[in-house]
Number of protein chains: 2
Amino acid sequence: MANLLHANCLMCRMKSDIFTTLNDSELNRVNDCRVSIKYHQGEIIFKQGSPCHDFVCVTSGLVKLYLEGEGDRRIIIGFARPVDYIFVPGAFSDKRHHFTAVACEESTACLVEVDIIQDLLKTNQEFASSFMTKVSEQAIGLFEQLTSFTQKHMPGRMAEVLICLSQKIYQSNPFITSLTRQDIADMSGMTKESAIRIMKTFKDEGLILTEGNSIEILDFSRLETISRNG
Amino acid sequence: MANLLHANCLMCRMKSDIFTTLNDSELNRVNDCRVSIKYHQGEIIFKQGSPCHDFVCVTSGLVKLYLEGEGDRRIIIGFARPVDYIFVPGAFSDKRHHFTAVACEESTACLVEVDIIQDLLKTNQEFASSFMTKVSEQAIGLFEQLTSFTQKHMPGRMAEVLICLSQKIYQSNPFITSLTRQDIADMSGMTKESAIRIMKTFKDEGLILTEGNSIEILDFSRLETISRNG
DNA sequence: TATTCGGGGTGATCTATGTCATTCAAAAAC
DNA sequence: GTTTTTGAATGACATAGATCACCCCGAATA
């Protein structure tokens, strides 16, 4: 299943932003231990609790990142799209993954040994600096998710998720999604049944239009109001 | 109100772990722009949304860090105790504070310009590395809080908070706390009334003993079971 | 001394949301 | 071409937990 995407990192036009801070010799070091892997829909890239050996950079498709709680309940904390690398906090503390990454659709990713990346962080300040920014933004995102989940009601959370899908993840409206209703529920901290119900009320009120995997936002500003007022 | 604690950073036996990675000249640079401030109970050290100019290191007392949502609701995401520095993710992205820091009791803190710290991160790899570890651990803590808040019921969350207070924050049992019931509620994602109610049931069941600001855990293992089973 | 005020504590409601059970359609498997 | 599986959709019901309204008490304040 392993499948080379590009001859090497130097030529790669798919490389993540932070790699632009690396010089040729540094890129070659990365390239030497890089493998490109193709994942089918639903396949696990790494699993919460397992040791983290590799740094993952998504080059095609869509990958969901989620926390696994007791009894099958999941919380989606984010997605990785081309070209995002996945920041794994465990790499800097207990060498374990603290969330699971799964391909939502046919996806490819480059894997690089974490040791190499950590070496580069030590020698290349610019690289380290853009890394810190990424990490910080992830933390800020978690703050917002925590506030939203504990303080907003279901319609507010759902409105937020729909806006996020259209603006950030798919960057189009309408958008065709490979996410299930369960995934949307996991993004908004509710059960699948509740997610479907809220989406139906939104549909009945003319806020959105859904047809299978296609979702269109009809009244953006009203949806934003709902998202703000919880 | 400003009040010098120590002549300078070199002599300071109160300095945070990460500063042990700095040499004398680096410590002097930190010292040159360092101010030590004394805060009274309830005083704000920095406020969510405000620009972040300073790196804060708590040298005495207890500081709570919380997210402010709509309508007065708060979520305590952590505490800073001697000698902790407060990681401010905004320093690496939008230069804004994303949570508020308030002294729970009489506290002192050293403030250092963020620019100095960011310079040091660029020049001292060891310093940067221990910084990354700290950031990562904060992210992992947020994952746990998010899972707990969305998946556990009130008794589970309260049990968790009580154990955390005794083991991590005060490291004693019984412990005398300067936190109000509202603070405990903000830590466990519930209203003050609910927090009081749950604590009463714990008291009635012989799990804990409370008297004013003193809390004692009587049955640790049963509390842990409750915390694990939600 | 009288009074205000902040925090702790309690009970009576109300409701947002989870749970469970069931149907339906489409896709996949045999 | 049946049969099985999977996800979407919907209704009935139960309940965890918020909200509101109130009391009590000690400390600060007038």
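Below, chain A is the first sequence line, B the second, and so on; all start at residue 1.
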Any A:C110 side-chain heavy atom under 4.5 Å of A:Y85 side chain = no
key: Rounded distance in Å - CD (A:Q41) to P (D:dG7)   = 10 Å
query = Side chain of A:T180: nearest nucleotide among C:dT17, D:dA16, D:dA8?
reply = D:dA8
key: Among A:F79, A:F55, A:F99, side-chain contact (heavy atoms from CB on, under 4.5 Å) partner for A:I86   = A:F99
inquiry  = Rounded to whole Å, how long is the line connecting atom CG of B:L179 with atom P of C:dG8?
reply    = 10 Å
key: Separation of C:dT19 C1' from B:Q151 CD (nearest whole Å)   = 16 Å
message = Does D:dA9 have its OP1 or OP2 closer than 4.0 Å to a side-chain nitrogen or oxygen of A:K200?
response = no
Test item: A:L207 and A:K203 side chains (from C-beta on) under 4.5 Å apart, heavy atoms = no
ask   = In whole angstroms, how far is the P atom of C:dG9 from the CZ atom of B:F202?
value = 15 Å
ask   = Looking at side-chain heavy atoms only, is the closest gap between B:M158 and B:F202 below 4.5 Å?
value = yes
Distance in angstrom units between A:M154 CE and D:dA16 C1', rounded = 14 Å
remark   = Rounded to whole Å, CG of A:N213 lies from P of C:dA27 at a distance of 10 Å
request  = For residues A:I75 and A:Y66, determine if any side-chain heavy atom of one lies less than 4.5 Å from a side-chain heavy atom of the other.
outcome  = no
key: Whole-Å gap separating P (C:dC14) and NE2 (A:H153)   = 17 Å
Side chains of A:L62 and A:I169 in contact at under 4.5 Å (non-hydrogen atoms) = yes
ask   = By a strict heavy-atom criterion of less than 4.0 Å, which residues belonging to residues 190-197 of chain A are in contact with DNA chain C?
value = A:M190, A:T191, A:E193, A:S194, A:R197
query = Does a nitrogen or oxygen in the side chain of B:R181 sit under 4.0 Å from OP1 or OP2 of C:dG7?
reply = no
request  = List the steps and the verdict of side chain to side chain donor-acceptor pair (under 3.5 Å) for B:E105 and B:S178.
outcome  = CA-CA 7 Å; B:E105 53 195 60; B:S178 52; 2.8 Å; yes
query = Just how far, in rounded Å, is C1' of C:dG8 from CD1 of B:I215?
reply = 12 Å
